[in-house]
Visitor: 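Next up is a structure, given as structure tokens.
Predicted model only: the values in this text are computed from it and were never measured. Computed from heavy atoms alone, side chains included, the values below leave out hydrogens, waters and symmetry copies.
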Amino acid sequence: MSHPDPYGSTEPRGWDRPAPALPWPDTDLEPGPWRPAPAAPTHPTEPGGYARPGAAPDTYAAPDTYAAPDTYAGPDTYAGPYPNSGRRHDGPGRYDGPPAGDRGRPDGPERRGPWREAADDEYPTAQIAPVRDEPTDQIPAVRDEPEPEPPPGRRGRGRRRASAERPPTTTPTTSRAGRNLPAAIGVGVALGAAVVVPLFFFMPAFLAVLAAAVGIGIWEMARAVRRSGAHPPLAPLVAGGVITVGLAWFAGPDALCLGLLVTVLGTMIWRLGDGPGNYQRDLTAATLIAVYVPFLAGFAAMLAAAPGDGHLRVLVTLVAVVLSDTGGYAAGVSFGKHPMAPTISPKKSWEGFAGSVTAAAAGSAVLLWVLFDVAPWWGALFGMAISVSAVLGDLAESMIKRDLGVKDMSNLLPGHGGLMDRLDSILFAVPVAYLLLAVFVPVVS
């Protein structure tokens with residue numbers, strides 16, 4: 001409440017007094033609701049001053065009291081250490097705030113006056129309104145914006161509209177063995193024709209096909225072993241592999257071993273040009289490739305080079321391998337439950353192995369009896385030996401691929417992988433076939 005003006009003015013003087021600047025920063029307090037501050041009494045001698053009722057003539061309210069028009073008369077109001085100011089103090093330089101009845105904020109703690117330099121941590125923080133988490137249920141949920149529609153007449157990349165004239169594209173289905181069966185059958189028939197046709201009609205062409213298969217197999221093996229950090233030289237391996245097969249064709253077993261020796265020595269000399277780094281690892285990989293591909297393939301060349309019935313020897317060997325592969329696939333898909341080598345080839349089962357041996361034995365017994373007049377039990381033994389060696393060759397290549405971390409040697413043949421994925425069984429089977437046929441059907445010079 002404002003006091004009446006004894007000089008005739010009925011309007012409180014504190015309403016229109018300009019508020020001086022605050023002597024201290026007041027940025028840490030929230031502004032309260034605006035209300036008029038009580039008029040500050042001034043000395044009668046000052047312009048516009050008036051005497052405070054009940055105050056001594058020489059007592060006046062200090063001009064330090066002020067209230068900004070946009071603030072409330074709260075704890076920051078100080079009337080000085082005078083008897084009639086209605087404030088309590090404990091001495092100069094200390095201010096404990098007004099009595100509880102005079103406080104603008106009854107429950108708020110008082111703040112020290114500007115005349116005392118206080119540290120930042122002495123300012124109470126209870127006057128700052130706590131930050132409250134707003135309820136999230138009042139905030140509308142963020143919804144995913146729909147993808148913009150493509151312009152009319154255009155379609156996304158890689159998509160094709162289906163219509164009555166153009167059915168939707170479907171991915172090719174694979175068999176339980178993990179192959180694209182139609183592609184595998186088509187490629188298998190093409191490979192068989194590429195071998196059988198020159199074998200029966202033009203024997204030198206078969207040698208060319210065999211040399212090309214050896215070169216491709218060496219390239220696939222050298223490419224695969226690079227994943228292990230080995231870099232065998234490709235040029236001497238391919239050249240030595242072709243020479244090895246040619247020597248076996250024309251000169252027999254002794255020339256085959258000589259070709260292997262020449263290939264390994266040529267690879268060692270060629271590799272010297274790349275320096276000593278990883279020399280042993282590269283040479284080990286090159287030796288493995290030279291033995292695995294051209295040396296074993298040389299036995300196929302010696303089978304075909306047999307005078308008179310070389311083409312039939314190759315034929316019965318290939319038929320036994322095909323029967324073993326087909327019988328194992330059919331039995332494994334139909335009855336396979338017990339894995340044969342789960343850490344090497346999880347899809348091979350003992351049931352499939354039994355199917356391989358049975359099919360190869362039955363087919364070879366009939367074929368050798370018809371073509372070479374060999375007793376059926378010897379033919380069955382031949383088929384069983386070919387089947388076992390073919391399965392071992394398949395497992396050996398699977399172990400190499402698993403060690404290198406590859407699924408196929410390459411993607412050259414759809415449905416089969418690489419050419420080495422088809423030659424793995426044959427390469428292990430031809431040395432066994434060469435030995436057994438040399439016993440069952442001796443070569444006539």
Visitor: Looking at Phe201, Phe200, Phe206, which hits side chain to side chain contact (heavy atoms under 4.5 Å, CB included) with His311?
Guide: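 Looking at Phe201, Phe200, Phe206, the match for His311 under the side chain to side chain contact (heavy atoms under 4.5 Å, CB included) is Phe200.
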
Visitor: Within the side chain of His231, is there an N or O that forms a donor-acceptor pair under 3.5 Å with the backbone of Gly229?
Guide: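 Answer holds: yes.
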
Visitor: Evaluate the side-chain proximity of Tyr292 to Met221: yes if any heavy-atom separation is below 4.5 Å, no if none is.
Guide: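 Yes - at least one pair of side-chain heavy atoms lies under 4.5 Å apart.
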
Visitor: Give a yes or no on whether a salt bridge exists between Arg422 and Asp325, defined as a side-chain N under 4.0 angstrom from a carboxylate O.
Guide: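 Yes, this pair counts.
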
Visitor: Should Leu247 and Leu256 count as side-chain neighbours, where that means a heavy-atom distance under 4.5 Å?
Guide: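 Heavy-atom side-chain distance check fails, nothing below 4.5 Å.
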
Visitor: Is any side-chain heavy atom of Ile218 closer than 4.5 Å to one of Pro294?
Guide: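 Pro294 vs Ile218: side chains touch.
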
Visitor: May I ask you to decide if Gly275's main-chain N or O and Arg271's side chain share a donor-acceptor pair within less than 3.5 Å?
Guide: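 Checking the backbone N and O of Gly275 against the side chain of Arg271, a donor-acceptor pair under 3.5 Å is found.
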
Visitor: More than 12 foreign heavy atoms under 6.0 Å from CZ of Phe335: is that the case here?
Guide: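 Atom CZ in Phe335 is not packed in, count stays at 12 or less.
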
Visitor: Taking Met409's backbone N and O only, do any of them form a donor-acceptor pair with Arg223's side chain (distance below 3.5 Å, no angle check)?
Guide: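 Indeed, once roles are kept as given, a pair shorter than 3.5 Å links the two residues.
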
Visitor: Show the numbers, then the answer: is there a side chain to side chain contact (heavy atoms under 4.5 Å, CB included) between Val441 and Leu312?
Guide: CA-CA 11 Å; Val441 188; Leu312 297 180; over 6 Å; no

Visitor: Checking the side chain of Glu220 only, and the main-chain atoms of Gly418 only, is there a donor and an acceptor separated by less than 3.5 Å?
Guide: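 Answer holds: no.
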
Visitor: Considering non-hydrogen atoms only, spot the tightest contact between Gly352 and Ala331 and give its length.
Guide: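 In this case the closest contact between Gly352 and Ala331 is CA-CB, 4.0 Å.
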
Visitor: The test is side chain to side chain contact (heavy atoms under 4.5 Å, CB included); show your working for Tyr434 and Met302 and say whether it passes.
Guide: CA-CA 8 Å; Tyr434 178 80; Met302 291 189 295; 3.8 Å; yes

Visitor: Given side chains that start at C-beta, do those of Arg313 and Val443 come closer than 4.5 Å, heavy atoms only?
Guide: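 SC-SC contact between Arg313 and Val443 confirmed.
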
Visitor: Side chains of Phe353 and Lys348: closer than 4.5 Å at any heavy-atom pair?
Guide: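 Heavy-atom side-chain distance check fails, nothing below 4.5 Å.
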
Visitor: Count the heavy atoms of every other residue, nucleotide or ligand shown that sit under 6.0 Å from CE of Met384, and state whether that count exceeds 12.
Guide: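 Open.
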
Visitor: For Leu283, does its backbone N or O pair with a side-chain atom of Thr287 as donor and acceptor, under 3.5 Å?
Guide: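 Pair found, side chain donor or acceptor close to backbone of Leu283.
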
Visitor: Minimum heavy-atom separation for Phe428 to Gly393, with atom names?
Guide: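 Looks like CG-CA, 3.4 Å.
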
Visitor: Between Ser334 (side chain only) and Ala330 (backbone N and O only), is there a donor and an acceptor less than 3.5 Å apart?
Guide: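 Yes; at least one donor-acceptor contact below 3.5 Å.
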
Visitor: Is the shortest side-chain heavy-atom distance between Leu437 and Thr317 below 4.5 Å?
Guide: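 A side-chain contact exists here, since the closest heavy-atom pair is under 4.5 Å.
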
Visitor: Check for a donor-acceptor pair, side chain of Ser228 on one end and backbone N or O of Val225 on the other, with a separation under 3.5 Å.
Guide: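 Looks like yes, one N/O pair under 3.5 Å.
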
Visitor: Heavy-atom distance under 4.5 Å between the side chains of Met420 and Asp408, does that happen here?
Guide: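 No; the side chains remain at least 4.5 Å from each other.
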
Visitor: With ring-ring contact (aromatic ring centres under 6.0 Å, His included) as the rule and sequence neighbours excluded, what pairs involving residues 372-395 come up?
Guide: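 Non-adjacent pairs meeting ring-ring contact (aromatic ring centres under 6.0 Å, His included): Trp378-Phe440.
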
Visitor: Indicate yes or no for a side-chain donor-acceptor contact from Ser389 to the backbone of Ile386 under 3.5 Å, with no hydrogens or angles considered.
Guide: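 Yes; judged by distance alone, with no hydrogens or angles, the pair exists.
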
Visitor: Answer yes if the side chains of Thr244 and Thr263 hold a donor-acceptor pair under 3.5 Å, and no otherwise.
Guide: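 Checked: Thr244/Thr263 side chains pair up, N/O donor to acceptor below 3.5 Å.
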
Visitor: I'd like to know whether Leu419 forms a side chain to side chain contact (heavy atoms under 4.5 Å, CB included) with Leu423, so could you lay out the CA-CA distance, the side-chain angles of the two residues, the decisive distance to 0.1 Å, and finally the verdict.
Guide: CA-CA 6 Å; Leu419 183 61; Leu423 293 179; 3.9 Å; yes

Visitor: Indicate yes or no: at least one non-hydrogen side-chain atom of Leu288 is less than 4.5 angstrom from one of Thr284.
Guide: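 They are not in side-chain contact.
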
Visitor: Leu296 and Pro431: which non-hydrogen atoms are nearest, and at how many Å?
Guide: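 Scanning both residues completely, I find the closest heavy atoms to be CD2-CG, 3.9 Å.
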
